[in-house]
Protein chains: 2
Amino acid sequence: MAIPRAARTQRRTRIQEEKEEIILEAALDVFSVSGFRGSTIDQIAEVAGMSKPNLLYYFRTKEAMHRALIDRVLFTWLEPLRAFDANGNPESEIRSYIRRKLEMARDFPRESRLFANEMLQGAPHVEDELRGPLKALVDEKVEVIRAWAKAGKIAKCDPYHLIFSIWSTTQHYADFDVQVRAVLGDEHSGEGRFEDAARYLEQLFVDGLRIRHS
Amino acid sequence: MAIPRAARTQRRTRIQEEKEEIILEAALDVFSVSGFRGSTIDQIAEVAGMSKPNLLYYFRTKEAMHRALIDRVLFTWLEPLRAFDANGNPESEIRSYIRRKLEMARDFPRESRLFANEMLQGAPHVEDELRGPLKALVDEKVEVIRAWAKAGKIAKCDPYHLIFSIWSTTQHYADFDVQVRAVLGDEHSGEGRFEDAARYLEQLFVDGLRIRHS
DNA sequence: GGATAATTTGACCGATTGGTAAACATTACA
DNA sequence: TGTAATGTTTACCAATCGGTCAAATTATCC
């Protein structure tokens, strides 16, 4: 008789690690496109290449799968912000933060969409994490930016909205990928568009559009 | 015997207009949160306060409801970009475009989320509209911006990515509303946050962060 | 007021949903 | 190699899904 997963206290088997990895990979495929409600265990099972009961042997509910996925993604997702260094100089820190976020949008678009889906639905599964760890981390970095502004190294601006604007502009290339491709047309939708985006965004944040006042 | 909706050629009844309005309103509530796949006709029927068969009397399928909703939203959603005037001066045009988009995020968050949900799912219902009318409109405005850059009124930059960045930064306040509230905390989540966002974004796009090169 | 068309609903359908039970197969380990 | 634990599958369940049907109700118009 198999022991229900939640009751296991022993170390995880090799097979467990492998299969759980495969399942989470498949779940990411499905959840990131259809959101929690719109995804079905059958879909995930098919992508994972195993039967539904087998899948439910490793994760007892659809919720548990989603939970495990969110937990894993949330940590790595905040890595770039964590790397934001108070001792660095504003220009290089902001430039590299934009670069890193953009790289994540390019290399982990499914993770970005999973998160976006969760936000659109009102964050029913992660609101605590948002109000807790996320807010704490942002508050910390906000102080860094405020200090820069106070020291005259950067224009006075609302640091919260500055962070929001970096998040939104970079994640846009993952979450709204279809729209970006459609608007740019097939000829400009190659991988070069991330380089274009990086160049534009760095310019925007560092220099603005340098609009001539008339 | 009732005449199937699609076959009707006569003018629409008063009741038809009212009920279709109620249904689309309810459908917007539901679809904008859960996306197409994640929403059910029963949910919409309950929000609309009528029985499921009654709802299906006005829209024969879930698809038809979604379609009608998307069609209605798409048009008004592009209104701000259409208003973008080639003859205006760059600063006021960009400022007011940002303002208008931000107002839409504030006043029509459900419409924004409906659209975002559709994008996340790969735009299965609207890809044609993106590649057609949307791209055409953007291309037109891109030429305006290019002309401004050529005339030296504005910094040289990729106009496509400029438009993307205005879209993403403004819509962020509708689509990621939960996150914005969580990070700002309850004390700064009042209606004033839209004024703060507008001030910050206008500054960003017009002047940038004026980072001192070190 | 009566006929006729438009609207509304309860009962129902087959398919799909999340999840279970138990038999069966495989692995790890003494 | 035997055996106990782990892993997998087939068959199935009640609930919900999108949607139909026919009967009942209501609005419209002469």
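These values consider heavy atoms only, across backbone and side chains, with no hydrogens, waters or symmetry-generated copies. Reminder, nothing fancy here: chain letters follow the sequence lines and each chain counts from 1.
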**Q.** Test log, rule ring pair (Phe, Tyr, Trp, His ring centres under 6.0 Å), inputs A:Trp167 and B:Tyr173
**A.** CA-CA 11 Å; A:Trp167 284 350; B:Tyr173 292 97; over 10 Å; no
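- Distance CD1 (A:Ile41) to P (C:dT17): 10 Å, rounded to an integer number of Å.
- Side-chain atoms of B:Asn117 and B:Gln121, non-hydrogen and from C-beta on, do get closer than 4.5 Å to each other.
- Counting heavy atoms from C-beta on, the side chains of B:Leu114 and B:Arg110 never come closer than 4.5 Å.
- Tested against B:Tyr97 for a side chain to side chain contact (heavy atoms under 4.5 Å, CB included), the candidates B:Arg95, B:Lys101, B:Glu93 yield a single pass: B:Lys101.
- Annotation: of the two residues near DNA chain D, A:Arg37 and A:Asn54, the 5′-most nearest-nucleotide partner is A:Asn54.
- We find that CD of A:Glu20 is positioned 11 Å from P of D:dT8, with the value rounded to whole Å.
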Tabulate atom names and distances for all N/O pairs under 3.5 angstrom spanning the protein and nucleotides 13-15 of chain D.
none

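- When the nucleotides C:dA11, C:dT17, C:dT8 are ranked by their closest atom to the side chain of B:Pro53, C:dA11 comes out on top.
- Nearest-nucleotide assignment on DNA chain C puts the 5′-proximal partner with B:Met50, out of A:Phe36 and B:Met50.
- Note on B:Leu56: a base of the nucleic acid sits closer than 4.0 angstrom, heavy atoms only.
- Residue-level contact check: B:Ser51 touches the bases, meaning some heavy atom is under 4.0 Å from a base atom.
- Going from atom CG of B:Leu55 over to atom C1' of C:dT8 covers 12 Å, rounded to whole Å.
- What separates OH of B:Tyr57 from P of D:dT20 is a distance of 15 Å, to the nearest Å.
- Rounded to whole Å, the distance from CD1 on A:Ile22 to P on D:dG7 is 13 Å.
- In this structure, B:His66 places its NE2 atom 16 Å from C1' of D:dG18, rounding to the nearest Å.
- For the pair A:Gln16 and D:dT6, the criterion of a side-chain N or O lying under 4.0 Å from OP1 or OP2 is not met.
- The nearest whole Å value for the distance from the CD atom in A:Glu17 to the P atom in D:dT6 is 15 Å.
- The CZ atom of B:Phe59 sits 16 Å away from the P atom of D:dG18 (whole-angstrom rounding).
- With salt bridges taken as basic N to acidic carboxylate O contacts below 4.0 Å, one links A:Arg146 and A:Glu143.
- Separating the CG atom in A:Leu28 from the CZ atom in A:Arg72 is a distance of 8.5 Å, to the nearest 0.5 Å.
- A salt bridge does not link B:Arg67 with B:Glu118: every distance from a Lys NZ or Arg NE/NH1/NH2 to an Asp or Glu carboxylate oxygen is 4.0 Å or more.
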